[in-house]
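All heavy atoms count here, side chains included; hydrogens, waters and symmetry mates do not. Counting starts at 1 for both ligands and their atoms, in listed order.
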Amino acid sequence: MSADVAEKHFDKGLANTIAAESSMSYIDGVNGILEYVGIDIDQLARNSTFEETTFLLWNGRLPNQAELDELNAALRAEYTLPSGIIDLIKTFPADAAPMHALQTAVAALALHDPEADVNDPEANIRKAIRLVAKTPAVVAAFDRHRSGKDIVDPDPSMDIASNFLWMLNGEKPTETMARALDVCLILHADHGTNASTFTSLVIIATLSDLYSSMAGAIGALRGPLHGGANEGVMRMLEEIGDIESIDAAMQKKFDNKEKIMGFGHRVYKAYDPRATYLKTFARGLAEDTGNMNLYEMSSRIEEIMNEAVAAKGIFPNVDFYSATTYWSLGLKLDLFTPMFAIARMSGWTGHCIEQLADNKLIRPGSSYIGPHEMPYVPMSER
Ligand code: CMC
């Protein structure tokens, strides 16, 4: 082992490594606390909007009315996708995974942005605004395209949550639906140096560009150990089918040593505070929309998990009750993770801008465990 490697330590999964400094979100995994810039997530979910929360994450403070109006206007002015992106989306196969469609279209947005490669803070804020404003339009446009429906133009009189539902369904959402989605966006907007945020940091730290970073982050998010878990939860509920089948189905999963989607977290060893909020929220929405069966199934799974693994610090995470919430909002199962991406775009872009303000290339070492001094064997002798 070289002296250089000996001084470093191997930390599998970087679980015990602090890889960045950030002023955006604070997580206390032992006590189940999440704050954005010091404000408890519950306060923000009750009182804020996704746009205001985005300002908070990007600026380190809440906006005054004029500042919020300015950000809202800037976002709404960027809702529309370039026609080249609409044309591109129309070439995507109807059976493509929405996360692949989103990743491709977000990377392609760089082709239509003359500032794509300008990395100064002002240009990056303008690009962050474009990315946050256009991501919902990409998701909605792809869903309309794959369903054989006309793509709906954005409506700049609406906020991001309402406009997304409008572009997706071609109908104005009810206030309850729009507010529910807005709250989901707030709860998912940021979460420390999670896998996708870290991916975005690795990319931006090479002095690449925001679009490349976001495309990379979307790729990391879609995995079932990360944002893809919300789809996994819904698939599990569908697969189990009804409340009577839960106990046997869970026992089978335990016997097979399967990880239960929507449970456990690298940081939280207590109840994920986002799940606390979403649980109450999912119940209300399920009641309003006739999806109580789904909520009751989720509750029973939680009870079983409580008995089986709570002692190990495994509790529902943000993805568990967001599945019931999104389903009650009428979203298709494979749009659950894209919803997460729409929200996290504000956190990802904020972290990248923060990284560039005090940048250093992120390049960990690895411990070589292969052989040394091996002969090169000619092809004819292998
Ligand atoms: N179901 C059953 N057992 C679990 C689960 C689960 N969901 N999660 C962790 N465990 C057990 C695991 O088997 C291990 O047990 P033991 O020590 O006896 O071998 C122990 O808990 C530690 O698990 P780990 O996988 O080593 O922990 P980690 O920190 O590497 O993993 C995790 C965290 C989120 C990947 C994991 O909990 C998991 O796979 N959960 C299911 C997928 C999921 O819901 N992901 C969403 C995470 S929250 C949203 C986000 O930030 O993306």
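Taking a cutoff of 4.0 Å between a charged side-chain nitrogen and a carboxylate oxygen, Arg146 and Asp334 qualify as a salt bridge. For the pair Arg300 and Glu296, the salt-bridge criterion is not met [side-chain N within less than 4.0 Å of a carboxylate O]. Between Arg179 and Glu175 there is no salt bridge, since no side-chain N of the basic residue sits under 4.0 Å from a carboxylate O of the acidic one. A salt bridge does not link Lys149 to Asp143: none of the charged nitrogens lies less than 4.0 Å from a carboxylate oxygen. Looking at Asp113 and Arg130, a side-chain N of the basic residue comes within less than 4.0 Å of a carboxylate O on the acidic one, giving a salt bridge.
Checking atom 26 (O) of ligand 1 against the protein gives no heavy-atom contact under 4.0 Å. Counting only heavy atoms, the protein never gets under 4.0 Å from atom 32 (C) of ligand 1. Distance check on atom 45 (N) of ligand 1: some protein heavy atom falls below the 4.0 Å cut-off. In this structure, atom 22 (C) of ligand 1 is not in close contact with the protein, since no protein heavy atom lies within 4.0 Å of it. For atom 8 (N) of ligand 1, a protein heavy-atom neighbour is found at a distance under 4.0 Å.
At least one heavy atom of His265 sits less than 4.0 Å from an atom of ligand 1. The shortest heavy-atom distance from Gly13 to ligand 1 is not under 4.0 Å. In this structure, Pro224 counts as a contact residue of ligand 1, since one of its heavy atoms falls inside 4.0 Å of the ligand. Under the 4.0 angstrom criterion for non-hydrogen atoms, Asn194 is not in contact with ligand 1.
Only side-chain heavy atoms of Val318 come within less than 4.0 Å of ligand 1; its backbone N, CA, C and O stay farther off.
At least one donor-acceptor pair closer than 3.5 Å links the side chain of Thr280 to the backbone N or O of Thr276. The closest donor-acceptor contact from the side chain of Lys253 to the backbone of Ile260 lies at 3.5 Å or more, if one exists at all. A donor-acceptor pair is defined here as one N or O able to donate and one able to accept, closer than 3.5 Å; no such pair exists between the side chain of Asn317 and the backbone of His265. Here the side chain of Tyr79 pairs a donor or acceptor atom with the backbone of Ile160 at under 3.5 angstrom. The main-chain N or O of Glu171 is never found under 3.5 Å from a side-chain atom of Asn169 such that the two would form a donor-acceptor pair.
Inclusion of Arg274 in the set of residues having an N or O under 3.5 Å from an N or O of ligand 1 is not warranted. In terms of polar-atom proximity, defined here as any N/O pair under 3.5 Å, Phe340 makes no such contact with ligand 1. Here's the thing with Arg266: one of its N/O atoms is less than 3.5 angstrom from an N/O atom of ligand 1. Considering backbone and side-chain atoms alike, Met261 places every N or O at 3.5 Å or more from each N or O of ligand 1. Any N or O atom pair closer than 3.5 Å counts here, and Gly262 shares at least one such pair with ligand 1.
The heavy atom nearest to atom 52 (O) of ligand 1, out of those in Arg344, His188, His226, is found in His226. Distances from atom 49 (C) of ligand 1 to the heavy atoms of Asp319, Asn317, Thr337, Leu225 show the closest one on Asp319. The closest heavy-atom contact to atom 11 (C) of ligand 1, among the options Ile314, Thr197, Asp272, comes from Ile314.
Nearest approach of Phe336 to Asn230, heavy atoms of both residues: O-ND2, 3.2 Å. Of all heavy-atom pairs spanning Leu333 and Trp327, the tightest one is N-CZ3, 4.1 Å.
Relative orientation of the Phe340 and His226 rings is perpendicular, given thresholds of 30° and 60° on the angle between their planes.
Under the side-chain contact (heavy atoms from CB on, under 4.5 Å) test applied with Met214, the options Thr349, Asp209, Ile203 reduce to a single match, Thr349. Just one residue in the list Tyr268, Tyr26, Tyr36 forms a ring pair (Phe, Tyr, Trp, His ring centres under 6.0 Å) with His191, and that residue is Tyr268.
Of the protein's non-hydrogen atoms, the one nearest atom 41 (C) of ligand 1 is Phe263 O, 3.4 Å. Of all protein heavy atoms, the one lying nearest to atom 12 (C) of ligand 1 is Lys259 CE, 3.8 Å. Nearest protein neighbour of atom 17 (O) of ligand 1, counting heavy atoms only, is Lys312 NZ, 4.4 Å. When only non-hydrogen protein atoms are considered, atom 6 (C) of ligand 1 lies nearest to Ile260 N, 3.5 Å. Distance from atom 43 (C) of ligand 1 to its nearest protein heavy atom, with residue and atom name: Ala229 CB, 3.4 Å. Of the protein's non-hydrogen atoms, the one nearest atom 34 (C) of ligand 1 is Gly264 O, 3.8 Å.
Remark: ligand 1 atoms within the under-4.0 Å shell around heavy atoms of Gly227 are 52 (O).
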